[in-house]
Amino acid sequence: PGAGPLTGRHAAEVAGNFLGREVKLRTAGLFLMKLLGLVNKEMRAFLPMAPDYLKPVRYDGSKIRRLLGPVPARPYEEAIPETLEWIRTAGGG
């Protein structure tokens with residue numbers, strides 16, 4: 001579980017603040033994905049699951065808390081920059 005709800009826009013904003021530049025977002029609706037599925041086998045295989053990916057997602061951490069007890073959650077404003085820095089120093093980008 002994360003530290004509350006997170007939208008793609010907010011994640012891009014936090015990442016952009018860390019990187020010192022705007023992080024642009026692009027979306028592809030179901031129609032575009034179906035169109036791409038005409039020429040791309042992997043996209044065609046993904047299409048049955050696409051509607052689930054277009055819905056907002058909220059994760060519930062109650063099961064893991066019952067199993068492990070309190071689980072620390074870092075604010076996204078800390079966690080996203082730390083993750084990006086880890087990727088940079090690990091040679092991933």
Output every pair passing salt bridge (charged side-chain N to carboxylate O under 4.0 Å, His left out) with a member in residues 11-29, not counting sequence neighbours, ordered by first then second residue.
-> none

To the nearest 0.5 Å, how far apart are CZ in R44 and CG in L36?
-> 11.0 Å

Over all atoms of both residues, closest heavy-atom pair of G37 and L47 = CA-CD1, 4.3 Å

Could you pull out all residues at least two apart from T27 that satisfy side-chain contact (heavy atoms from CB on, under 4.5 Å)?
-> none

How close do P51 and P48 get, heavy atom to heavy atom, and via which atoms?
-> CD-O, 3.7 Å

Is it the case that one hydrophobic cluster holds both L25 and Y76, taking links as side-chain heavy atoms less than 4.5 Å apart, direct or via other members?
-> no

Can you tell me how far the CZ atom of R65 sits from the CG atom of L68, to the nearest 0.5 Å?
-> 11.0 Å

Salt bridge (Lys or Arg N to Asp or Glu O under 4.0 Å) filter on E85, not counting sequence neighbours, yields R88

Residues forming a side-chain hydrogen bond (donor to acceptor under 3.5 Å, both in side chains) with S62, sequence neighbours excluded | D60

Applying ring-ring contact (aromatic ring centres under 6.0 Å, His included), which residue pairs with at least one partner in residues 13-45 are found, sequence neighbours left out?
-> none

Who passes ring-ring contact (aromatic ring centres under 6.0 Å, His included) against F46, sequence neighbours left out?
-> Y53

What pairs with R74 under salt bridge (Lys or Arg N to Asp or Glu O under 4.0 Å), at least two apart in sequence or on another chain?
-> E78, E82

Closest non-hydrogen atom pair between L6 and A11, with its separation | CD1-N, 3.9 Å

Residues two or more places apart in sequence or in another chain: which of them pass side-chain contact (heavy atoms from CB on, under 4.5 Å) with P5?
-> R58

CG (L84) and OG1 (T89) are apart, to the nearest 0.5 Å, by 10.5 Å

